[in-house]
Amino acid sequence: MRELKGTVYIVSDCHFGVPSREESAIREAKFIQWLDEIKTNADYIILLGDIFDFWFEYRHVVPRGHTRLLGKFAELSDRGIKFIYFTGNHDFWIQNYFSEELNFEIFRTLQTFLINDKKVLIGHGDGIGPKDTGYKLMKAVFEARINRWLYARLHPNFAFWLAYKVSSGSRAANGDVDEIYLGEEKERLIVFSKTMLENEHFDYFIFGHRHLALSVPLSPVSTYINTGEWIKSFSYAQTEGAEIVLKYYDA
């Protein structure tokens, strides 16, 4: 079990790149301002996936855009802040660019951390919990090595045009993130967390993906947190001593 000590920030679902380059740049500037403010005390920054609405790495091609954000990541990494990146369902084609160029630690599956002596299960949150079999099958297809290889054969101009064309109908691209809380019995990630608690104790379950900032007590000693999104709510989780709390950024 990986142990993290100090001040930890956790954020997800920025979906930079949509709905347009201009509108995304405004949100990126706000995110960079937040990074500038937390760099004075952050020991770890955990990115829970979908930071970019689409990311694909060619061996010798870096996707155009997000220059200031990538530069800020590099600055903070050089400063000694440790970055941990969980791939999401929009950026699962991340390979080794972030690990080699920015010294990020990359995870693709759920991980257990001991954060300031609290046992925490962390992941993006897609494809877990009951049902949702159609998405789980689609994810397996897209993550297959042969399909990544085939997609890499496409010219970058066409590959990125195709990706953003498909993404243009997503809730992130259209700003539709006013999700309705379904209740503890219907929220898949909460149901999943409760099921996990039947066999193993966790102090916190922290996920993204849902686009709905939530902090829900599962028991007197266990809490589910969803970090929400950076399209409208600008929410994130942060350690305060041994506790982890949900917060909102107001520049």
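Everything numeric in this text was worked out from a predicted model, so none of it was measured.
Note on W230 and L69: same hydrophobic cluster, where clusters join Ile, Leu, Val, Met, Phe, Trp and Tyr whose side-chain heavy atoms are under 4.5 Å apart, directly or indirectly. Y44 and M1 fall into different hydrophobic clusters, where Ile, Leu, Val, Met, Phe, Trp and Tyr side chains are chained together by heavy-atom contacts under 4.5 Å. Hydrophobic clustering of Ile, Leu, Val, Met, Phe, Trp and Tyr side chains at less than 4.5 Å, counting indirect connections, keeps I206 apart from I190. The hydrophobic clustering, which links ILVMFWY residues whose side-chain heavy atoms are closer than 4.5 Å, places L47 and I38 together. Put simply, V11 and F16 are part of the same group of oily side chains (I, L, V, M, F, W, Y) that touch within less than 4.5 Å, one to the next.
Atom OG1 of T223 and atom CG of L246 lie 11.0 Å apart (nearest 0.5 Å). Rounding to the nearest 0.5 Å places CG of D50 at 9.0 Å from SG of C14. In this structure, OH in Y85 is found 7.5 Å from CD1 in I106, a value given to the nearest 0.5 Å. Here CD of Q95 is found 12.0 Å from CH2 of W55. Values are rounded to the nearest 0.5 Å. Rounding to the nearest 0.5 angstrom, the gap separating the CG atom in L76 from the CD1 atom in I81 is 4.0 Å. Taking CD1 from I225 and CD1 from I244, the interatomic distance works out to 6.0 Å, rounded to the nearest 0.5 Å.
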Report task. I would like to know whether V221 and H201 meet side chain to side chain contact (heavy atoms under 4.5 Å, CB included); could you show each step before the answer? Result -> CA-CA 9 Å; V221 291; H201 171 72; 3.8 Å; yes
Report task. Please lay out, stage by stage, how F98 and F83 fare under the test ring-ring contact (aromatic ring centres under 6.0 Å, His included). Result -> CA-CA 10 Å; F98 288 90; F83 280 86; 9.6 Å; no
Report task. Would you please test F205 and F192 for ring-ring contact (aromatic ring centres under 6.0 Å, His included) and show each step? Result -> CA-CA 10 Å; F205 296 85; F192 169 80; 7.1 Å; no
Report task. May I have the step-by-step check of ring-ring contact (aromatic ring centres under 6.0 Å, His included) for F234 and Y248, ending in yes or no? Result -> CA-CA 6 Å; F234 308 103; Y248 297 83; 9.7 Å; no
Query raised in the report: K232 and H211: side chain to side chain contact (heavy atoms under 4.5 Å, CB included), yes or no, with the steps?
Result: CA-CA 10 Å; K232 289 185 177 180; H211 287 205; over 6 Å; no
Query - Stepwise side chain to side chain contact (heavy atoms under 4.5 Å, CB included) check, I46 with L4 - result: CA-CA 11 Å; I46 301 178; L4 309 183; 4.1 Å; yes
Query raised in the report: Would E187 and L212 satisfy side chain to side chain contact (heavy atoms under 4.5 Å, CB included), going step by step from the backbone distance to the final call?
Result: CA-CA 11 Å; E187 289 283 345; L212 184 64; 4.2 Å; yes
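Closest approach of G228 to S12, counting heavy atoms only: O-OG, 3.5 Å. Listed here is the closest heavy atom pair of I94 and R108: O-NH2, 2.6 Å. Among all heavy-atom pairs drawn from D43 and G6, the shortest one is OD2-CA, 3.3 Å.
With respect to R21 and E28, no salt bridge is recorded, no charged nitrogen being found less than 4.0 Å from a carboxylate O. Between D36 and K72 there is a salt bridge, since at least one side-chain N of the basic residue sits less than 4.0 Å from a carboxylate O of the acidic one.
No side-chain N or O of S24 forms a donor-acceptor pair with one of E22 less than 3.5 Å apart. A side-chain donor from one of E37 and Y249 sits under 3.5 Å from a side-chain acceptor of the other. Judged by distance alone, the side chains of H209 and D126 never bring a donor and an acceptor atom under 3.5 Å apart.
Crowding of R2 atom CZ: a count of heavy atoms from other residues, nucleotides or ligands under 6.0 Å exceeding 12. Within 6.0 Å of CD in E185 there are 12 or fewer heavy atoms belonging to other residues, nucleotides or ligands. Heavy-atom contacts from other residues, nucleotides or ligands closer than 6.0 Å to CG of D78 number more than 12. In the displayed structure, K30 atom NZ is contacted under 6.0 Å by more than 12 heavy atoms of other residues, nucleotides or ligands.
Looking at heavy atoms from C-beta onward, T112 lies in side-chain contact with F202 at the 4.5 angstrom threshold.
The closest donor-acceptor contact from the side chain of T227 to the backbone of I10 lies at 3.5 Å or more, if one exists at all. Between the R210 side chain and the R188 main chain, no donor and acceptor come within less than 3.5 Å of each other. No side-chain donor-acceptor contact under 3.5 Å links E240 to the backbone of V245.
Of the candidates H15, H90, H66, F52 forms a ring pair (Phe, Tyr, Trp, His ring centres under 6.0 Å) with just one, namely H66.
A cation-pi geometry, defined here as NZ or CZ lying under 6.0 Å from the six-membered ring centre and within 45° of its normal, does not hold between K247 and Y236.
Relative orientation of the F31 and F73 rings is perpendicular, given thresholds of 30° and 60° on the angle between their planes. Using a 30° and 60° split on the angle between ring planes, Y224 and F207 fall in the tilted class, from 30° to 60°.
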